[in-house]
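Working notes, structure below.
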There are 2 protein chains.
Amino acid sequence: MKQLPHKTIARLSQYRRSLLMCYANGKNHIYSHEIAKIQHITAVQVRRDIMLIGYTGTLRKGYNIKELIDIISKIIDSKDVIKVCVVGVGNLGRAMVNYFSGKRTKLSIVACFDTDPNKINKKVTGVKCYSVDDMKKIIKQKNIKIGIMTVPADKASETADKLVSAGIKGILNYTPKPVYVPKDVFLEEYDMITSLEKVAFFVKTHIER
Amino acid sequence: MKQLPHKTIARLSQYRRSLLMCYANGKNHIYSHEIAKIQHITAVQVRRDIMLIGYTGTLRKGYNIKELIDIISKIIDSKDVIKVCVVGVGNLGRAMVNYFSGKRTKLSIVACFDTDPNKINKKVTGVKCYSVDDMKKIIKQKNIKIGIMTVPADKASETADKLVSAGIKGILNYTPKPVYVPKDVFLEEYDMITSLEKVAFFVKTHIER
DNA sequence: AGATTATTGTTAATAAAATAACAATAATAC
DNA sequence: GTATTATTGTTATTTTATTAACAATAATCT
């Protein structure tokens with residue numbers, strides 16, 4: 001299959017989540033416009049994405065939810081479990097671990113790291129916390145491929161460097177500080193302040209105009 | 001000024017943050033390619049954004065950091081403080097409150113809400129926690145304009161409804177469940193699972209190919 | 001059975017975003 | 001003082017993403 005657009009990948013992940021909920025509720029088929037409504041996008045967009053992954057629905061009946069879930073999973077899930085670690089066990093780090101525990105079979109948070117002796121060797125929602133000093137060792141040992149950064153901003157660069165040198169292949173940076181990684185490491189940065197400021201901007205223009 | 005692209009707004013917020021750090025470090029001027037490097041984008045993109053907001057730098061000296069910060073602030077900040085609340089004082093909610101306390105002068109988290117009696121009437125990093133039952137009252141009383149949703153997924157829709165009926169104008173939804181709001185309410189949804197799955201997808205294609 | 005409707009799949013058109021190209025020119029080098 | 005270099009600002013081009021248009025057809029209606 002040709003390369004899928006980044007945006008499509010992100011939407012497929014979201015479709016799957018909604019589809020899983022629908023399926024859990026006993027629903028078997030779904031129309032493009034129903035998916036669209038859930039995701040706040042257009043039905044054409046949905047059909048186009050589904051076309052791109054090569055699945056076809058049934059005319060007048062819509063898409064078979066189970067089948068669609070399986071197709072999407074085949075595309076976005078890896079064959080084997082990909083292991084993930086969380087660096088920085090603050091509120092955000094705990095939220096991540098919590099949020100994930102047992103949700104995805106193909107993605108598994110297997111370790112977290114912190115500098116606080118009170119946290120080291122304790123468990124966070126079933127995930128053991130190690131010292132950041134052992135990061136490289138543990139990451140190699142457990143073959144962890146993705147690192148989620150939830151450390152304070154001033155530790156961002158050094159954390160990224162450590163992750164990279166330990167052989168991590170993907171980083172999700174939740175600190176407000178952009179980091180540098182070699183180009184064979186996939187980097188996704190998300191910053192809550194920016195999101196809030198974006199909302200504020202639109203609220204402001206709505207209020208002030 | 002003509003309408004700025006959404007993407008530009010988001011980038012301006014990020015530029016400002018980087019600029020503030022540079023300024024704090026005693027730097028006075030900065031080149032487009034320096035900003036670009038920090039943000040992992042191209043210098044042209046930076047110059048184009050800055051062009052759009054009508055600021056001009058100095059040839060061969062770059063942009064005056066202080067001035068640029070001020071111009072960006074004039075654009076993205078509101079005249080008066082916009083008040084924000086956080087609904088759901090779990091790990092993520094606490095992370096949000098923490099993260100924000102005192103960072104932005106024009107955006108202020110002034111309340112949070114929860115259902116847990118152990119949390120109600122306590123303070124979270126200086127922000128008082130109220131019962132969700134009083135949400136409407138407090139939001140109106142304090143003239144809160146933006147709501148950050150960090151509740152469990154199964155409370156998402158009802159929380160959004162409450163926020164809307166209380167007169168909120170912007171919602172930042174951090175639950176994994178998309179919600180519906182009238183179109184005069186600005187909605188931004190972010191979902192950590194999707195982000196992680198996106199990273200995983202690229203890591204997978206990198207590993208498996 | 002024939003007409004109508006609702007829905008998919010796909011191509012074409014449009015819009016948005018990013019990148020390239022390059023003229024202008026201040027600073028620096030020689 | 002002239003040439004070279006580095007940098008901005010802006011227009012043009014390309015790429016990416018979204019939306020519109022519509023043919024095909026299964027299901028339903030009359």
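All values derive from a computational prediction rather than experimental measurement. Order of the sequence lines fixes the chain letters, A, B, ..., with proteins taken first and strands second; residue numbering starts at 1 for each chain.
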Notebook entry, point to check: Once you round it to whole Å, what is the distance between C1' of C:dT19 and CD1 of B:I41?
Noted result: 12 Å

Next item on the list: With sequence neighbours excluded, give me every salt bridge (Lys or Arg N to Asp or Glu O under 4.0 Å) pair touching residues 76-93 of chain B.
Entry: B:R16-B:D77

Check: What pairs of residues pass the salt bridge (Lys or Arg N to Asp or Glu O under 4.0 Å) test when at least one of them lies in residues 37-50 of chain A, not counting sequence neighbours?
Finding: A:R11-A:D49

Checklist line | Qualifying ring pair (Phe, Tyr, Trp, His ring centres under 6.0 Å) pairs, either residue in residues 37-79 of chain A, two or more places apart | finding: A:H40-B:Y180

Notebook entry, point to check: For A:Y99, what residues pass the ring-ring contact (aromatic ring centres under 6.0 Å, His included) criterion, not counting sequence neighbours?
Noted result: none

Next item on the list: Can you sort out the partners of B:S18 under side chain to side chain donor-acceptor pair (under 3.5 Å), two or more places apart, ordered by chain and number?
Entry: B:Q39

Notebook entry, point to check: Taking atom P of C:dA18 as reference, at what distance in whole Å does atom CE of B:M51 sit?
Noted result: 14 Å

Check: Tell me, which of residues 60-67 of chain A have any heavy atom that sits under 4.0 Å from an atom in DNA chain C?
Finding: A:R60, A:G62, A:Y63

Notebook entry, point to check: Is there any salt bridge (Lys or Arg N to Asp or Glu O under 4.0 Å) pair reaching into residues 134-154 of chain B, and which pairs are they, with sequence neighbours excluded?
Noted result: none

Next item on the list: For B:L4 and C:dA16, give me the distance from atom CG to atom P, rounded to whole Å.
Entry: 14 Å

Check: Where along residues 5-14 of chain B does a heavy atom fall under 4.0 Å from DNA chain C?
Finding: B:P5, B:K7, B:R11

Return a table of donor-acceptor pairs under 3.5 angstrom between the side chains of residues 19-28 of chain B and protein atoms on other chains or two or more places apart.
residue: B:N25; atom: ND2; partner: B:M21; partner atom: O; Å: 3.4
residue: B:K27; atom: NZ; partner: B:E34; partner atom: OE2; Å: 3.1

Next item on the list: Could you name each residue pair satisfying salt bridge (Lys or Arg N to Asp or Glu O under 4.0 Å) that touches residues 179-188 of chain A, not counting sequence neighbours?
Entry: A:K169-A:D184, A:E188-B:K198

Next item on the list: Name the first nucleotide and the last nucleotide along DNA chain D (5' to 3') that come under 4.0 Å of a heavy atom in chain A.
Entry: D:dA17 to D:dA27

Item checked: side chain to side chain donor-acceptor pair (under 3.5 Å) partners of B:S157, counting only residues at least two apart -> B:K177

Next item on the list: Check the distance between C:dA17's C1' and B:R48's CZ and give it to me in whole angstrom.
Entry: 9 Å

Check: Per the side chain to side chain contact (heavy atoms under 4.5 Å, CB included) rule, which among B:L92, B:L163, B:L187 passes with B:M149?
Finding: B:L163

